[in-house]
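What follows is a short report on a single structure.
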Amino acid sequence: MVFGLVAETPWRDDLQSSIDATLSNNLRLQRLIDENTREEEITVEGGELRDAKIFKLPRHLNDELLSTVERMVKAFYFMETGKVLVEHYELSMFHPDAVHPELAEEISNSMRSARVRSVNGGTVCYTFFNCQRSDIVSVVNLFKSVQLYFVMKELGWREKIV
């Protein structure tokens, strides 16, 4: 529901109709969304100002959402490699603004050339790529609106640092 509210899809009107129908039948969900949404003017690429809805999930729902996307990354990894991710790597989410500027630039450049796959009618896009300054990075984009970043560190990497 949350991603549907901010989705940029060609079928936006159909999606909005579905969301409206769901919310009219689920007043608790409608209240949750109303209480956690604010409107704000944001700057998009090219410097253009645009009105945007900002939704902040309560912590327990945020954790559930991130857990769900982590499971998606594990499934995508299996689809791509035929291997179980947790047998070889540990998975951690990160925000690209929180990494060293050189690594952020490398991630940005790698994303431009990475092969992007999509599932669920293009509503979920994902990619994997290797970084020289890190390990494997996975980026998942939901409804062309929410982008989440994960790093896959080889099991035992902490012991190798010592």
Side-chain angles (χ1 to χ4, degrees), residues 1-23 25-26 28-29 32-33 36-37 45 52-100 103-161:
M1 289 298 299
V2 171
F3 297 131
L5 289 169
V6 296
E8 297 292 332
T9 64
W11 56 90
R12 176 83 181 118
D13 293 339
D14 292 336
L15 184 58
Q16 188 62 51
S17 295
S18 175
I19 290 168
D20 292 342
T22 299
L23 293 177
N25 291 322
N26 189 332
R28 183 172 168 246
L29 181 58
L32 174 74
I33 290 172
N36 293 285
T37 302
E45 283 186 45
K53 286 186 178 182
I54 309 296
F55 184 80
K56 184 171 180 167
L57 283 170
R59 181 149 183 85
H60 72 284
L61 293 176
N62 191 51
D63 292 345
E64 187 175 320
L65 168 71
L66 295 178
S67 174
T68 299
V69 179
E70 281 183 9
R71 287 192 305 273
M72 292 167 63
V73 171
K74 292 172 185 175
F76 298 150
Y77 182 80
F78 185 79
M79 287 169 38
E80 294 289 316
T81 67
K83 298 177 185 174
V84 177
L85 186 145
V86 297
E87 291 178 357
H88 307 281
Y89 299 98
E90 63 180 63
L91 188 63
S92 299
M93 192 177 103
F94 72 95
H95 194 285
D97 292 344
V99 299
H100 189 277
L103 179 55
E105 184 178 345
E106 183 179 351
I107 290 169
S108 179
N109 290 337
S110 295
M111 282 180 52
R112 280 193 272 284
S113 61
R115 183 180 69 191
V116 176
R117 302 252 191 217
S118 66
V119 295
N120 200 28
T123 60
V124 177
C125 297
Y126 68 93
T127 189
F128 293 94
F129 52 86
N130 291 311
C131 284
Q132 291 179 359
R133 291 180 178 86
S134 184
D135 292 288
I136 300 171
V137 172
S138 177
V139 181
V140 178
N141 185 292
L142 306 168
F143 289 102
K144 298 184 176 146
S145 301
V146 176
Q147 195 148 283
L148 301 168
Y149 297 78
F150 297 86
V151 64
M152 296 165 37
K153 305 279 292 171
E154 189 177 326
L155 291 178
W157 69 271
R158 287 180 182 88
E159 292 78 20
K160 293 177 183 176
I161 292 176

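Computation of the quantities below employed the complete heavy-atom set of this structure, encompassing side-chain atoms and omitting hydrogens, waters and symmetry-equivalent molecules. One-based numbering along the sequence shown.
Judged as a side chain to side chain contact (heavy atoms under 4.5 Å, CB included), and not counting sequence neighbours, the contacts of Thr37 are Ile33, Lys53, Phe55. With sequence neighbours excluded, the residues forming a side chain to side chain contact (heavy atoms under 4.5 Å, CB included) with Phe129 are Ile107, Ser110, Met111, Ala114, Thr127, Cys131, Val137, Val139, listed by chain and number. Looking at residues two or more places apart in sequence or on another chain, you find a salt bridge (charged side-chain N to carboxylate O under 4.0 Å, His left out) between Arg115 and Glu80. Residues meeting the side-chain hydrogen bond (donor to acceptor under 3.5 Å, both in side chains) test with Tyr89, sequence neighbours left out: none. Partners of Tyr77 according to the side-chain hydrogen bond (donor to acceptor under 3.5 Å, both in side chains) rule, which considers only residues two or more places apart in sequence or in another chain, do not exist here. With sequence neighbours left out, Asn36 forms a side-chain hydrogen bond (donor to acceptor under 3.5 Å, both in side chains) with no residue at all. Partners of Glu64 according to the salt bridge (charged side-chain N to carboxylate O under 4.0 Å, His left out) rule, which considers only residues two or more places apart in sequence or in another chain, do not exist here. The side-chain hydrogen bond (donor to acceptor under 3.5 Å, both in side chains) check on Ser67 picks up Arg71, with sequence neighbours excluded. By the side chain to side chain contact (heavy atoms under 4.5 Å, CB included) test, Arg28 is found to be paired with Asn26, Arg31, residues two or more places apart in sequence or in another chain being considered.
In Gln16, the CD atom is crowded: over 12 heavy atoms of neighbouring residues, nucleotides or ligands sit closer than 6.0 Å.
Counting heavy atoms from C-beta on, the side chains of Met79 and Val119 come closer than 4.5 Å. Two residues are said to be in side-chain contact when any heavy atoms from C-beta on lie closer than 4.5 Å; Met72 and Leu142 meet this criterion. Using a 4.5 Å cut-off on side-chain heavy atoms (C-beta onward), Leu29 and Leu32 make contact.
Atoms CG and CG, on Asp20 and Asn25 in that order, are 11.0 Å from each other to the nearest 0.5 Å. The distance from atom NZ of Lys144 to atom OG1 of Thr123, rounded to the nearest 0.5 Å, is 9.0 Å. Leu148 contributes atom CG, which lies 6.5 Å from atom CG of Leu65 (distance to the nearest 0.5 angstrom). Distance check, rounded to the nearest 0.5 Å: CE of Met152 to CH2 of Trp157 gives 14.5 Å. Here the OH-OG distance, from Tyr149 to Ser138, works out to 11.0 Å after rounding to the nearest 0.5 Å. Leu85 contributes atom CG, which lies 7.0 Å from atom CZ of Phe128 (distance to the nearest 0.5 angstrom).
The two residues Val86 and Leu155 make their nearest non-hydrogen contact at O-CD1, 3.5 Å. The shortest non-hydrogen separation linking Val84 to Phe78 is N-CD1, 4.1 Å.
For the salt bridge (charged side-chain N to carboxylate O under 4.0 Å, His left out) condition, the pairs that include at least one residue of residues 81-96, sequence neighbours left out, are Glu90-Arg158.
For the residue pair Arg59/Asn62, the side-chain donor-acceptor check at 3.5 Å is not satisfied.
Ser108 contributes no side-chain N or O that, together with a main-chain N or O of Ala104, makes up a donor-acceptor pair within less than 3.5 Å.
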